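Each chain gets a letter, A, B and so on, in the order its sequence line appears, and its residues count up from 1. Fair warning: this is a prediction, and the values are worked out from it, not measured in the lab.
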Amino acid sequence: MELWFTEKHTPYVQFSIKIEKQLYAAKSEFQRIDILESREFGRILTLDGYLMLTEKDEFIYHEMITHVPMAVMPHARKVLIIGGGDGGTAREILRYKTVESIDLVDIDKMVADACRKYIPQTAASLDDPRVKCHFEDGLKYIRHHENEYDLIIVDSTDPFGPGEGLFTKEFYGNCYKALKDDGIMVNQHESPFYPADSYAMQRAHKRIFESFPISRIYQAHIPTYPSGHWLFGFASKKYHPILDANWQKWKSLDIKTRYYNPKLHAGAFALPTYVEDIIREVE
Amino acid sequence: MKKLTQENAPVLEALEKLKQMRIVPFDVPGHKRGRGNKVLTEFLGERCLSVDVNSMKPLDNLCHPVSIIKDAEQLAAEAFGAAHAFFMVGGTTSSVQAMILTACKRGDKIILPRNVHRSAINAMILCGAVPVYINPQMDKTLGISLGMSIKDVKKAIADNPDAKAVFVNNPTYYGICSNLNEIIKMAHANNMLVLADEAHGTHFYFNDKLPAAAMRSGADMAAVSLHKSGGSLTQSSMLFINDKISEGYVRQIINLTQTTSGSYLLMSSLDISRRNLALRGNKIIDTVIDLVEYARSEINNIGDYYAYSREKINGDSIYDFDITKLSIYTRSIGLAGIEVYDILRDEYDIQTEFGDLANLLAYVSIGDRPRDMERLVSALSEIRRIYKKDSTGMLEVEYINPKVVLPPQDAFYTNKEESIPLDKACGRVCTEFVMCYPPGIPILAPGELVTSQILEYIHYAKAKGCQMTGPEDMELNNLNVVTEK
Ligand SMILES: Cc1ncc(COP(=O)(O)O)c(C=O)c1O
């Protein structure tokens, strides 16, 4: 029997992975959750049929969304993760011993519970004593916090479905308010390639650019995401993403990474011309 | 024949049957189930176009209902506690006008609050009725007009014993209700009809946490916008009457202005919405109430904003309040409601119902999701953080007591009319409407005296970004007035 997981990257392009078996399927209040086992990518988490992570390539995404801001702010103590119920982002942040607490706010507890059971590679972090999980709407949570966090990481799903509110101006504005005076916000910034993703990416950048004095974009290559070319946003009140990076300090922490390194950090902010053009249009 | 129940939807069922019959259409509409208009069909969908059909035997006729439309209207009447229901396809405007045209002939008086929708005054232009306005009480802080005070209604009835009807907003756009039961008692004791504009009151019929619904309280006629809180398609509406009003006469009145090609899209949406409300309305409205109560408490926690509710009830001009209404006082952050309305749309991609000089109204209904409410609340919190300023110097809105010099019809159709610059119009009698839209409540109606206070209000509202509608000169630089002898 041939069992395949297929995601439509556009109405005319699809991406498929051969599946060995389905480990979990459920419908939460917010979305459909599936966990699949594959030969090539190990275990796979999908939400409403969209691939969120695979055991094989999740390190790229999770290293890039965390170590870039942490190299700029290795002294961060209080971190907020919005989304990220799979635990991958929290796992990377936990590698910094000076981080005192991580608040993780995800709307869907069922995702976290399913990952705890089937994808401990990322979700084991959720049970660390420094991580406090809040299962509620991120937009609501952030509204009630002010001048509190050093770093906010927006590890959201796509800007349609339950993650929609995390791509709005009111959300970014509230993040600004919840950050301390030198705070940094990093977000999952979609892909520049296919038109629909690219449009969402441009709108998100426009809103962040309006809300933060420093707003830059960096990239990574993630094999299982649409087009493989993925972006992250770096928004900050004070620190420049490259000029203020504290490489020495970061190297001294001796954190073993597989994708991230200081040279790549600086290079990741150098974007293809067509991507620069999309971004400039809204600045 | 099997007795129909609220589970039935006769118009829907007939249209479904029609689809199966695969009738060859040599009648209008000429798009022939969409085949003749590919772009439209692609845009609206084949299923939609396939039921955009004309009256025919299996589908009855809205101008003269004898079968499925009659059945659907009967079910609606039962669901809303009326003797008869009319499916309306010209908006609640057509329902309001049918009420006034039924109750009044040329020269007949009608008692009504001045904060009525333009459709009520338009009806007076059509039939020549003469308004007896009641000053709706004003909330000084919020700057909104309220309901009618009982003593004012009593006085208007005593002073005008020949009036034919009392017209009531149930509720106002802001959710405020007058003492409907008492007004009905007084009006009926004086042989006057009670006509209720329930454009914003559909949900009252299906949940007992809400103010009294007109037909259930004994009103004679009610115009109910199912397309607002009821979930039907834009432009669909219902008119209800009790058993003292002649159904045949009302239908004649409706047919004076109603299309002979009533849309089955609109009618099926009324039928389906009625069924949904009758079967599940109570639960649906409970959900809306919970969502709005949550939003109100979150918004009041932000600071400065005031999302008001039942605590405003005062036993008279605010006899009751519709808790599904999310009206928010914004002047306390130094911004007019219309300014917040514009920022929400331009900066935050959030469209609210309307903003006036001091308040913002977010329309919450069957279709809203909690996560969208989080966006609204968060955006309001951000707007306060970013835009808050000193609120001194903002215009205090006061009720402008209209001076009715001529009945609306006489003024509108006068042949002694001239167009003069707006600012020169002080002291003259206006022959047209001026209103902020929405809410579409006239600042000036035909036959009313223009005062300096009115001009000041118009200039202020224009400066704040309100859209002024009504006059022949769409820019409102000029105003039509009665020529002076
Ligand atoms: C109080 C009131 N009555 C009547 C109407 C007319 O309704 P419609 O727009 O459906 O014609 C409105 C519409 O805004 C209204 O607010």
Side-chain angles (χ1 to χ4, degrees), chain A residues 11 28-31 47-48 82-83 105-108 134-148 152 154 156-179 185 199-200 202-204 206-213 237 282, chain B residues 42-43 45 283-284 286-287 290-305 307 326 328 330 333 335 339-352 355 360 362 364 367-389:
Chain A
S28 75
E29 189 189 339
F30 307 99
Q31 54 207 340
L47 299 178
D48 283 338
I82 301 222
V105 181
D106 196 298
I107 199 160
D108 201 345
H134 310 259
F135 295 103
E136 60 176 284
D137 189 298
L139 195 47
K140 176 176 182 188
Y141 180 91
I142 196 85
R143 202 162 64 231
H144 296 278
H145 294 266
E146 196 165 348
N147 190 22
E148 189 175 328
I152 296 177
V154 187
S156 62
T157 53
D158 298 312
F160 33 84
E164 202 175 322
L166 305 185
F167 284 83
T168 60
K169 180 165 172 170
E170 55 274 25
F171 175 69
Y172 299 131
N174 272 295
C175 284
Y176 181 92
K177 184 187 72 174
L179 283 169
M185 178 186 87
Y199 179 68
Q202 191 187 44
R203 275 168 73 95
K206 177 173 190 290
R207 288 165 179 150
I208 297 171
F209 187 79
E210 289 163 351
S211 305
F212 284 83
K237 292 189 178 182
V282 293
Chain B
E42 198 161 292
F43 181 63
K283 204 163 144 256
I284 290 168
D286 273 342
T287 317
D290 289 347
L291 188 60
V292 175
E293 293 289 15
Y294 166 74
R296 230 186 319 263
S297 84
E298 288 287 302
I299 290 166
N300 286 332
N301 269 334
I302 294 172
D304 297 320
Y305 292 114
L326 186 55
I328 304 152
T330 63
I333 63 162
L335 294 179
E339 292 174 305
V340 177
Y341 167 93
D342 282 335
I343 296 170
L344 279 171
R345 190 201 45 243
D346 295 344
E347 303 280 317
Y348 294 93
D349 302 321
I350 295 174
Q351 177 66 46
T352 49
L360 176 78
V364 186
D368 285 300
R369 303 173 297 188
R371 67 180 194 237
D372 295 323
M373 194 56 91
E374 293 299 344
R375 286 193 56 184
L376 176 66
V377 176
S378 297
L380 287 172
S381 153
E382 278 292 287
I383 289 172
R384 174 177 175 270
R385 180 175 73 86
I386 296 167
Y387 296 92
K388 182 178 169 168
K389 58 177 188 230

* **Heavy-atom proximity to chain A below 4.5 Å, by part of I350(B)** => side chain

* **Contact origin within R385(B) toward chain A - heavy atom pairs under 4.5 Å** => side chain

* To do: May I ask you to check whether over 12 heavy atoms, not counting those of E29(A), lie within 6.0 Å of atom CD?
  => no

* Tell me, side chain or backbone of N301(B) under 4.5 Å from chain A's heavy atoms, or both, or neither? -> neither

* Check ion pair K140(A)-E374(B) (N to O, under 4.0 angstrom) -> no

* Asked: Between R143(A) and E298(B), is there a donor-acceptor pair closer than 3.5 Å when you use the side chain of the first and the backbone of the second?
  -> no

* Asked: Would the number of heavy atoms belonging to other residues, nucleotides or ligands and lying under 6.0 Å from OH of Y387(B) be above 12?
  -> yes

* Check the surroundings of atom CD in E136(A): do more than 12 heavy atoms from other residues, nucleotides or ligands lie under 6.0 Å from it? => yes

* Asked: Just wondering, more than 12 heavy atoms not from K206(A) lying within 6.0 Å of its NZ?
  -> no

* Asked: Is the closest basic N to carboxylate O distance between K177(A) and E382(B) below 4.0 Å?
  -> no

* Structure fact -> Under 4.5 Å to a heavy atom of chain B? For D137(A) that would be side chain

* chain B contacts, top residue of G165(A), S211(A), G173(A) (heavy-atom pairs, under 4.5 Å) -> G173(A)

* Asked: Which atoms of S378(B) come close to chain A, meaning under 4.5 Å heavy atom to heavy atom: side chain ones, backbone ones, both, or neither?
  -> both

* Asked: So how far is it from K169(A) NZ to R375(B) CZ, rounded to the nearest 0.5 Å?
  -> 12.0 Å

* **Rounded distance (nearest 0.5 Å) linking atom CG of D372(B) with atom CD of E164(A)** => 6.5 Å

* For F171(A), is it the side chain, the backbone, both or neither that has a heavy atom under 4.5 Å from a heavy atom of chain B? -> neither

* Structure fact -> dist R371(B):CZ -> L166(A):CG (nearest 0.5 Å) comes out at 10.5 Å

